[in-house]
Undergrad: 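Below is a structure I'd like to ask you about.
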2 protein chains.
Amino acid sequence: MGRKREFDEEKALDAAMQVFWKKGYHATSLTDLTMNMKLQRPSIYSAFGDKEKLFEATLRNYTKLHISNIRSKLQPDKSVKDAIRSFFEGLIEEEYQGNQNKGCFCINTMVELAPHDEKFEILTREHQMYLSVIFQEMIQKGIQSGEFHRDLDAKALAQTFVVSLIGITVLMKSRPEQSFIDSAISNTLSLLK
Amino acid sequence: MGRKREFDEEKALDAAMQVFWKKGYHATSLTDLTMNMKLQRPSIYSAFGDKEKLFEATLRNYTKLHISNIRSKLQPDKSVKDAIRSFFEGLIEEEYQGNQNKGCFCINTMVELAPHDEKFEILTREHQMYLSVIFQEMIQKGIQSGEFHRDLDAKALAQTFVVSLIGITVLMKSRPEQSFIDSAISNTLSLLK
DNA sequence: ACAATTTCATACTAATCGGTATGAAATTTA
DNA sequence: TAAATTTCATACCGATTAGTATGAAATTGT
C-alpha cells in the first residue's frame with residue numbers, strides 16, 4: 001500500500017528548527033523552509049501541517065534537546081557551584097565564538113509569540129519552570145553535601161538563576177563587552193554560599 | 001510655498017512606536033501602520049522614509065523616553081535600595097495589571113533584529129550600557145552616603161541589575177507565577193549591602 | 001487673484017506570502 | 001504482474017507584502 005516516505009522526518013524537523021531558531025517565526029518564509037529542509041512544499045504540509053504546526057513541532061523538539069543538553073553540561077563530577085559556573089561560561093563561549101548568535105529558541109519565541117498566542121505562552125513558561133527545577137535540584141544537592149548553607153532557599157535561588165540565564169542570553173545578542181556578562185555571572189554565583 | 005503638513009509628526013511617530021512595540025518589526029504591516037498612525041501610505045513614506053527607517057526612528061524615540069521614564073521612577077527621596085526595589089516592583093505591576101504584555105521595545109528589538117542588523121545591535125547595546133550607568137550612579141550614591149559597603153563593585157553590580165532587568169522583562173512574557181519574579185528581584189537586591 | 005508648491009487620497013505595481021490542485025513516478029500488497 | 005496507494009514535483013491560487021505613480025485639493029508667497 002503505497003510508497004514509504006523518502007525523506008528523514010527527524011532531519012527535516014531539525015533543519016526547520018535551525019531556520020526558525022535563527023530567523024524567528026514571522027521572518028521565516030515557506031521558501032526558506034523548503035530550501036533548508038530540502039523538501040517540496042506539499043511534502044512539508046503533508047508531514048507537518050501548516051507553518052504554525054511545523055513551528056510548534058520544532059519548538060517542542062528544541063525544548064527536549066535543550067533540557068538534555070543542559071543536563072549533560074551540568075557535570076556532576078565538579079562541585080555544584082563550579083558546575084553551574086562552567087555551564088554559564090560555556091554559554092558565553094558558544095555565543096561569542098560562533099558568530100551565529102541565535103540565542104535560545106525558546107526565549108526568542110517567548111519574546112516574539114508568547115504575548116500573542118497562549119499556546120506559546122504556556123509552552124515557553126513550562127520550559128523555564130523546568131529549567132528552574134533542574135537548578136533547584138542542583139542547589140539542593142549542594143545543600144545536602146554541605147557545600148552550601150542549610151538555610152539557603154533553593155527554589156528562589158534557582159528561579160534567580162533562570163532569570164539571569166535569560167538576561168544573559170538576550171543581552172549577548174547585542175554583543176556587549178564580555179566583562180558585562182562576566183560581572184553578572186560572578187555576582188549571581190556569589191549568591192551560592 | 002505649499003501647504004503645511006497637516007498631521008502631527010510626533011503623534012504619528014508615537015502611534016507607529018506602539019504598533020512596532022506590540023507586534024515587532026516583521027509582524028507589522030504597512031496597513032497596520034496606516035491604520036494606527038491614521039495616515040496614508042505616501043504620507044508615511046514622505047515623512048519617515050521606508051518601513052525600516054520608520055522603525056529605527058520609533059526605536060530611537062523609545063530609548064529616549066525609556067531613559068527619562070526610568071530616571072523619573074528612581075525616586076531620590078527613598079534609600080537607594082528601596083528606590084531600586086520599587087522600580088523593579090513597578091515593572092511587575094505594569095506588566096501584570098495591564099494585559100498588554102509588550103515588554104521593553106528595546107529588548108524585543110535586541111531579540112528580533114540585533115543578530116541580523118549591526119545597526120540595531122549597536123543601538124540596543126548602547127541603550128543597555130546607558131541603563132547600567134544609571135544603576136551604577138545610584139549604587140555609587142549609596143556607597144558615598146554610607147548605605148552600602150565601601151568595597152562594593154558598583155559597575156559590576158549595575159551590570160548585574162541590567163541582566164536581571166532583561167531577564168525579568170522577558171520572562172514576564174510567559175506570565176509565570178509572580179513569586180518566580182519576586183524571588184529573582186529579592187535575591188538580586190540582596191547583593192546590595 | 002494667481003502661480004507655485006506641497007499634501008494627501010486613490011489606485012496601482014511587481015513580488016512574495018502561505019497554501020494547494022494536479023498528475024506523474026514510485027512502491028507496495030495482493 | 002496488476003491494482004492500489006502514497007510521495008513528490010510542477011505549477012498554480014488568491015491574498016497580502018512593501019513601495020509608488022498620479023492627480024486633485026489645499027495653502028502658501030507674490
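All chains are named by letter (A, B, ...) in the order of the sequence lines, taking the proteins before the strands, and each is independently numbered beginning at 1. This one's a predicted model, so the numbers in the text were calculated from it and none came from an experiment.
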Undergrad: Centre-to-centre under 6.0 Å for F105(B) and F55(B), is that the case here?
TA: yes
Undergrad: For the side chain of Y45(B), counting heavy atoms from C-beta on, which of dC8(C), dG19(D), dG19(C) is nearest?
TA: dG19(D)
Undergrad: Side chain of S29(B): nearest nucleotide among dG18(C), dG19(C), dA18(D)?
TA: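 Nucleotide nearest to S29(B)'s side chain: dA18(D).
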Undergrad: Do the rings of H66(A) and H127(A) sit parallel, tilted or perpendicular, given the 30° and 60° boundaries?
TA: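 Because their plane-to-plane angle lies in the 30° to 60° range, the rings of H66(A) and H127(A) count as tilted.
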Undergrad: Hey, which sits more toward the 5' end of DNA chain D by its nearest nucleotide, S43(A) or D32(B)?
TA: S43(A)
Undergrad: Starting at atom CG of L39(B), determine the distance to atom P of dT7(C), rounded to an integer number of angstrom.
TA: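 Distance, rounded to whole Å: 12 Å.
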Undergrad: Under a plain distance cut-off of 3.5 Å, with no hydrogens placed, do S29(B) and D32(B) share a side-chain donor-acceptor pair?
TA: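 Looking only at side-chain atoms, S29(B) and D32(B) do form a donor-acceptor pair, the distance falling under 3.5 Å.
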Undergrad: Name the nucleic acid region contacted by S46(B), choosing base, sugar-phosphate or nothing; use a 4.0 angstrom heavy-atom cut-off, strictly under.
TA: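 No contact.
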Undergrad: Rounding to a whole Å, what distance do you find between E9(A):CD and dT7(D):C1'?
TA: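 Nearest whole value for this atom pair: 13 Å.
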Undergrad: By the 4.0 Å heavy-atom rule, please label T28(B) as base, sugar-phosphate, or nothing.
TA: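 It contacts sugar-phosphate atoms only.
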Undergrad: Which nucleotide sits closest to the side chain of Q40(A): dA11(C), dA9(D), dG18(C)?
TA: dA9(D)
Undergrad: Measuring from the side chain of L30(A) (C-beta onward, heavy atoms only), which nucleotide among dT17(D), dG19(D), dG18(C) has the closest atom?
TA: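 Of all the options, the side chain of L30(A) is nearest to dG18(C).
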Undergrad: Measure the distance from NZ on K53(B) to P on dT20(D) and round it to the nearest whole Å.
TA: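 Atom-to-atom, K53(B) to dT20(D), this comes out as 13 Å.
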Undergrad: Measure the distance from CD1 on I44(B) to P on dA18(D) and round it to the nearest whole Å.
TA: 11 Å
Undergrad: I want to confirm an ordering. Mapping H26(A) and P42(A) to their closest nucleotides on DNA chain C, which one lands closer to the 5' end?
TA: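 Closer to the 5' end of DNA chain C: H26(A).
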Undergrad: I'd like to know if R41(A) reaches the base of dA9(D) with its side chain such that a donor and an acceptor end up less than 3.5 angstrom apart.
TA: no
Undergrad: Starting at atom CE of M35(A), determine the distance to atom P of dT16(C), rounded to an integer number of angstrom.
TA: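 To the nearest whole Å, that distance equals 12 Å.
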Undergrad: Just the rounded figure in Å: distance from C1' of dT20(C) to CZ of F48(A).
TA: 18 Å
Undergrad: L54(A) CG to dG18(C) P: how many Å, rounded?
TA: 11 Å
Undergrad: Mind calculating the distance between CD (E52(B)) and C1' (dT17(D)) to the nearest angstrom?
TA: 16 Å
Undergrad: Are the charged groups of E56(A) and R60(A) less than 4.0 angstrom apart, N to O?
TA: yes
Undergrad: Salt bridge check, K53(B) against D50(B): does any charged N sit closer than 4.0 Å to a carboxylate O?
TA: no
